[in-house]
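Note that ligands are numbered from 1 as they come in the structure, with each ligand's atoms numbered from 1 the same way. Both backbone and side-chain heavy atoms feed into the values below; hydrogens, waters and symmetry mates do not. Computed from a prediction, not measured in an experiment: that's the story for all the values here.
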Amino acid sequence: MHHFTYHDDRLFAEDIDLTALAEQIGTPFYLYSEATLRRHISVFRDAFKDTNALIAYSVKANSNLAVLKVLASEDAGADVVSGGELQRALKAGIPPEKIVFSGVGKTVDEITMALNVGIYQFNVESEPELNAINALAGGANKKAPIALRINPDVAAGGHEKISTGKSEDKFGIPWSQARELYAKARAMEAIAIKGVDLHIGSQIDNLAPFETAFKKIAALIDTLRADGCAIERLDLGGGLGIPYGEGAAPPHPDAYAQMIKQVTAPLNVQLIFEPGRMIAGNAGILVTRTTYVKNGEERKFLILDAAMNDLIRPALYDAYHDIWPVVREPETPLEKYDVVGPICESSDRFAKARELPAAKPGDLFAIMSAGAYGASQTSQYNSRPLVPEILVSGERYSVIRRRPDFETMIAGEEIPDWLG
Ligand code: LLP
């Protein structure tokens with residue numbers, strides 16, 4: 001459920017008329033609905049309210065400080081994967097004791113920063129990483145709280161590029177090495193084993209792979225405990241899919257929660273979740289204007305002022321996003337368009353042969369479900385400045401990231417003396 005609705009055929013974000021807003025901000029821009037963010041996190045939280053679960057929002061999905069601040073005010077923790085994300089989470093007021101640190105390549109600087117602030121848990125993805133954390137924590141006279149991320153060898157995820165739980169993926173510790181590495185971790189001076197972690201993929205639209213993986217991990221916890229490991233936490237990662245269009249029906253968080261409670265009830269562990277897309281995805285849109293309509297030999301092209309550098313999901317994962325006209329004119333006939341951006345790549349295409357109301361230059365469109373992995377995956381390719389981000393709350397809005405001007409965009413670049 002989200003708060004993007006038509007009033008008299010004009011698209012509104014909560015109580016804000018997007019046509020008027022686009023005049024003021026200029027296009028393209030991202031827009032997030034605060035009420036939708038709050039709703040999504042509360043639906044997730046309510047699904048687990050009878051447990052003491054930690055909901056550690058996965059910052060990579062949308063890392064804007066204002067978005068993090070909204071989620072912090074809903075008591076969310078954070079799942080971070082870099083020093084930058086850790087600093088963002090702290091700056092937004094998420095307390096370190098609600099922060100978990102994931103990722104296969106944590107650097108010395110990042111581990112040190114996390115030890116210094118006292119995060120809740122390192123999700124450790126390899127033996128060399130475990131050794132590095134042990135050495136750094138030992139050097140600082142600390143004990144690092146850790147979970148090992150175990151790769152359960154279960155295939156899941158909306159696209160091969162976002163599946164992480166198979167044995168050939170780079171993620172996690174191979175199933176066959178899990179017990180041995182826990183035994184090694186137990187012997188390490190500066191390591192405090194807290195739990196087990198897994199994350200099998202993203203945009204998972206049915207419960208079966210989750211259930212298979214979680215049952216495997218539950219059995220592993222029994223084995224580890226029998227080996228003498230005190231396991232008190234179970235981090236189940238993120239990955240719950242969202243509806244990207246009409247007819248899509250991924251599981252409701254309540255069904256997900258019910259399955260999880262059944263599988264994990266006997267374990268008596270604190271559950272940790274790392275939802276990203278489920279919180280931010282349908283809380284955001286990308287608003288863009290038509291630059292040209294071009295009649296090709298075989299196809300019609302709707303050329304927008306947004307491009308793959310602004311939203312890379314269709315180009316990278318063949319992702320589907322609904323595209324809504326910002327103003328609906330019921331009489332307008334439908335046309336089939338390839339919806340593209342201005343970048344010099346054939347993959348700069350948001351949709352192929354998509355039926356939309358016939359458009360003319362200047363017409364506004366909203367690319368829907370763009371709140372997760374949209375702005376956080378942007379680049380300045382083709383020297384296109386990063387697009388602004390707007391947060392709407394009722395009838396208020398605020399620019400939560402400005403559009404950089406040309407000078408700002410090139411501010412970090414230097415021409416060496418020898419080039420004159
Ligand atoms: N935890 C870990 C360890 C992860 O790697 C991820 C996502 C999450 C949690 C959050 O997963 P979510 O609940 O958002 O599915 N850029 C891709 C998605 C990449 C997901 C990477 N990891 C996309 O646009 O579809």
Side-chain angles (χ1 to χ4, degrees), residues 30 37 40-41 43-44 47 54-63 67 71 76-82 85-86 89 99-106 121-126 129 147-152 156-166 169-173 195-206 209-210 213 234-244 248 250-251 253 256 260 271-284 286 308 310-321 350 367-379:
Y30 275 100
L37 285 167
H40 289 165
I41 188 99
V43 165
F44 202 94
L54 169 63
I55 298 167
Y57 165 70
S58 195
V59 172
K60 63 173 83 69
N62 185 320
S63 51
V67 169
L71 298 174
D79 159 50
V80 301
V81 291
S82 69
E85 285 191 355
L86 175 56
I99 297 180
V100 300
F101 198 151
S102 307
V104 295
K106 301 173 193 78
Q121 175 170 305
F122 290 89
N123 288 334
V124 179
E125 302 224 12
S126 66
E129 186 196 335
L148 297 186
R149 176 170 174 182
I150 305 301
N151 185 326
H159 188 272
E160 70 166 293
K161 287 191 182 147
I162 54 173
S163 169
T164 51
K166 282 178 292 171
D169 295 322
K170 72 176 174 185
F171 300 99
I173 286 147
V196 180
D197 168 49
L198 77 162
H199 169 81
I200 56 173
S202 197
Q203 186 53 19
I204 301 172
D205 62 3
N206 70 92
F210 285 121
L234 172 54
D235 183 337
L236 296 173
L240 191 57
I242 61 165
Y244 273 98
Y256 172 76
I260 287 171
L271 297 175
I272 302 174
F273 295 97
E274 303 169 355
R277 191 189 312 268
M278 194 267 147
I279 307 298
N282 278 323
L286 176 60
M308 65 190 284
D310 305 316
L311 176 67
I312 203 171
R313 303 195 67 258
L316 200 54
Y317 319 110
D318 306 311
Y320 174 93
H321 285 261
F350 294 112
I367 303 184
M368 306 304 290
S369 310
Y373 307 108
S376 63
Q377 293 200 124
T378 49
S379 76

Closest non-hydrogen atom pair, Gly237 against Asp235 = N-OD1, 2.9 Å
task = Kindly indicate whether the side chain of Asn62, heavy atoms from C-beta on, has any atom under 4.5 Å from the side chain of Tyr57.
result = yes
task = Please work out whether the ring planes of Phe44 and Phe273 are parallel, tilted or perpendicular, with thresholds of 30° and 60°.
result = perpendicular
key: Phe210 side chain near Ile260 side chain, heavy-atom distance below 4.5 Å   = no
query = Is there at least one pair of N or O atoms, one from Pro275 and one from ligand 1, spaced under 3.5 Å apart?
reply = no
query = Measuring from Ile200:CD1 to Leu236:CG, what's the distance to the nearest 0.5 Å?
reply = 9.5 Å
Closest to atom 25 (O) of ligand 1 among His199, Arg277, Glu125 (heavy-atom distance) = Arg277
key: Ser102 N/O under 3.5 Å from ligand 1 N/O   = no
ask   = Do any nitrogen or oxygen atoms of Arg149 lie less than 3.5 angstrom from nitrogen or oxygen atoms of ligand 1?
value = no
inquiry  = Within ligand 1, which atoms have a heavy atom of Glu274 less than 4.0 Å away?
reply    = 1 (N), 2 (C), 3 (C), 8 (C), 9 (C), 10 (C), 13 (O)
note = So for Asp79 against ligand 1, with non-hydrogen atoms under 4.0 Å, the contacting part is side chain
key: Distance-only N or O hit between ligand 1 and Gly276, under 3.5 Å   = yes
task = Would you mind running through ligand 1 and noting each atom that sits below 4.0 Å from a heavy atom of Gln377?
result = 16 (N), 24 (O)
inquiry  = Any heavy atom of Met278 closer to ligand 1 than 4.0 angstrom?
reply    = no
query = Going by atom types alone, do Asn123 and Glu274 pair a side-chain donor with an acceptor below 3.5 Å?
reply = yes
ask   = Is there side-chain contact between Arg313 and Tyr244, with heavy atoms separated by less than 4.5 Å?
value = yes
inquiry  = Heavy atoms only, cut-off 4.0 Å: how does Tyr317 contact ligand 1, side chain, backbone, both, or neither?
reply    = side chain
query = Heavy atoms, side chains only, cut-off 4.5 Å: are Gln203 and Ile242 in contact?
reply = yes
message = Please list, in number order, the atoms of ligand 1 under 4.0 Å from a heavy atom of Gly238.
response = 9 (C), 13 (O)
task = Using side-chain contact (heavy atoms from CB on, under 4.5 Å) as the criterion, point out the one residue from Pro250, Pro275, Ser202, Pro251 that pairs with Leu240.
result = Pro251
query = Can you list the atoms of ligand 1 that are under 4.0 Å from a heavy atom of Gly239?
reply = 11 (O), 12 (P), 13 (O), 15 (O)
query = For ligand 1, is there an atom lying under 4.0 Å from some heavy atom of Ala372?
reply = no
